[in-house]
Visitor: 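What follows is a structure written as structure tokens; I'll ask about it next.
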Amino acid sequence: MEFELTIVVPVYNEQDNLPRVVSTFITYFETAPLSTKLLFVNDGSSDNSQEIIEEICKKDHRFEYIQFDKNYGLSTAIKAGFDTVQTPLVGYIDADLQTNPEDFNKLLQYKDHYQLITGVRTERKDSFFKNFMSKVANMIRRAFTKDGMDDTGCPLKIIHTDYAKRIPMFKGLHRFLPAMILLQNGKVIQVPIRHYPRIAGSANFGLRNRLMGPLMDCFAYLWMKRKYINYTIVKKR
């Protein structure tokens, strides 16, 4: 089968969520408007995630994986996923499934006119502290990047793969994906999607990750924006 879309799923100690990821995506594959497969990126899990992933991939060719030698963090996992996929479009979702794969269909409606389509979570089901930190971090980031996005942390995105592969990722830059597409003169749009409580596993972010990290990353982004090289080839032989 010639696949058109690969969904990247970073995994770090998500053994309790993986069976639900598989069952949910098997259902989604049947309704997806494009031929779709899933790529697990095992970010150095210390639980049984890798054994479960390998068993999943043996049973169904629509599931693939890459495994890191140790834990590198979310930005690295996303970057590795982007580097690995060969389909024209790449998607991203978290293994906790606080967003619904069915909502990829809402995003895909805009694929012909935008290079990045990101979800914006409505009626978020997170704690007050988590929601407050997210709002503050997004406010700070918008002030620096002028990207117009309300929820860059939303773990549901569709990106044209050729644009995704040109993103110069570094730690923390997963929060700046729309801004990095804009640097390439691409177009971005946000689409309202559903949000759900986390059922299993635990979040790996605290105050430093949610507020201090994004603030420091804003300065890194400004430096990169000044130094970013962008060009268009009009003829070659």
Side-chain angles (χ1 to χ4, degrees), residues 1-68 74 77-111 116-126 153-161 164 174 191-204:
M1 176 184 291
E2 188 72 20
F3 291 102
E4 301 169 276
L5 168 64
T6 304
I7 305 297
V8 174
V9 180
V11 175
Y12 180 64
N13 293 342
E14 296 282 6
Q15 62 179 19
D16 296 330
N17 279 315
L18 288 172
R20 192 164 62 96
V21 171
V22 174
S23 62
T24 301
F25 267 93
I26 287 176
T27 300
Y28 174 68
F29 290 153
E30 303 307 316
T31 63
L34 303 177
S35 54
T36 303
K37 62 180 177 178
L38 184 150
L39 174 67
F40 291 111
V41 181
N42 186 358
D43 185 20
S45 296
S46 57
D47 62 0
N48 292 322
S49 291
Q50 182 60 28
E51 290 79 1
I52 297 172
I53 288 171
E54 290 187 23
E55 189 64 27
I56 292 167
C57 295
K58 285 179 183 178
K59 294 179 179 179
D60 193 325
H61 74 284
R62 296 172 296 183
F63 295 90
E64 301 174 348
Y65 74 86
I66 57 176
Q67 180 186 15
F68 289 164
L74 181 58
I78 295 174
K79 169 65 172 170
F82 289 172
D83 289 345
T84 300
V85 302
Q86 298 299 321
T87 50
L89 294 171
V90 57
Y92 159 60
I93 193 172
D94 279 350
D96 58 21
L97 291 186
Q98 286 192 259
T99 51
N100 193 325
E102 291 179 358
D103 285 343
F104 277 123
N105 295 354
K106 297 179 181 179
L107 274 56
L108 287 168
Q109 296 178 45
Y110 299 89
K111 65 179 177 60
L116 179 145
I117 310 101
T118 182
V120 54
R121 292 166 286 188
T122 59
E123 299 181 4
R124 288 185 62 174
K125 300 301 190 292
D126 292 322
C154 177
L156 196 81
K157 291 178 172 62
I158 294 287
I159 309 176
H160 286 236
T161 301
H174 61 274
V191 179
I193 62 165
R194 296 166 290 178
H195 191 242
Y196 304 87
R198 174 183 272 269
I199 294 177
S202 58
N204 299 300

Visitor: Suppose we screen for side chain to side chain contact (heavy atoms under 4.5 Å, CB included). Which residues come up paired with Glu51, at least two apart in sequence or across chains?
Guide: Asn48
Visitor: Would you compute the distance between atom CZ of Arg194 and atom OG1 of Thr99 and round it to the nearest 0.5 angstrom?
Guide: 10.0 Å
Visitor: Give me the one residue out of Leu107, Thr118, Val120 that meets side chain to side chain contact (heavy atoms under 4.5 Å, CB included) with Ile193.
Guide: Leu107
Visitor: Any pair with a residue in residues 22-40 that passes salt bridge (charged side-chain N to carboxylate O under 4.0 Å, His left out), sequence neighbours left out, goes on the list, sorted by first then second residue, please.
Guide: Glu30-Arg62, Lys37-Glu64
Visitor: Specify whether Phe63 and Phe40 have parallel, tilted or perpendicular ring planes, treating 30° as the upper limit for parallel and 60° as the lower limit for perpendicular.
Guide: parallel
Visitor: Looking at side-chain heavy atoms only, is the closest gap between Val41 and Val8 below 4.5 Å?
Guide: yes
Visitor: Is the distance from the ring center of Phe29 to that of Phe3 below 6.0 Å?
Guide: no
Visitor: Would you please say whether a donor-acceptor pair under 3.5 Å links the side chains of Tyr12 and Asn42?
Guide: no
Visitor: Flag the pair Asp16 / Leu18 as yes when at least one side-chain heavy-atom distance between them is below 4.5 Å, and no otherwise.
Guide: no
Visitor: Identify the heavy atoms of Gly91 and Ile158 that sit nearest to each other, and give their distance.
Guide: CA-CD1, 4.0 Å
Visitor: Taking all heavy atoms of Val90 and all of Thr161, pick out the closest pair and write down the distance.
Guide: N-OG1, 3.4 Å
Visitor: Among residues at least two apart in sequence or on other chains, which ones pass side chain to side chain contact (heavy atoms under 4.5 Å, CB included) with Pro19?
Guide: none
Visitor: For Tyr110, does the OH atom sit with more than 12 other heavy atoms under 6.0 Å from it, leaving out its own atoms?
Guide: no
Visitor: Which residue in the set Leu89, Ile117, Val191 passes side chain to side chain contact (heavy atoms under 4.5 Å, CB included) when paired with Leu108?
Guide: Leu89
Visitor: Sequence neighbours excluded, which residues qualify as side chain to side chain contact (heavy atoms under 4.5 Å, CB included) partners of Pro88?
Guide: none
Visitor: At what distance, to the nearest 0.5 angstrom, does CD of Glu14 lie from CG of Asp96?
Guide: 6.0 Å
Visitor: Going by the salt bridge (charged side-chain N to carboxylate O under 4.0 Å, His left out) test, which pairs reach into residues 85-94, not counting sequence neighbours?
Guide: none
Visitor: Taking atom types as modelled, find out whether Glu4 and Ser35 have a side-chain donor-acceptor pair closer than 3.5 angstrom.
Guide: yes
Visitor: Who passes salt bridge (Lys or Arg N to Asp or Glu O under 4.0 Å) against Asp83, sequence neighbours left out?
Guide: Lys79
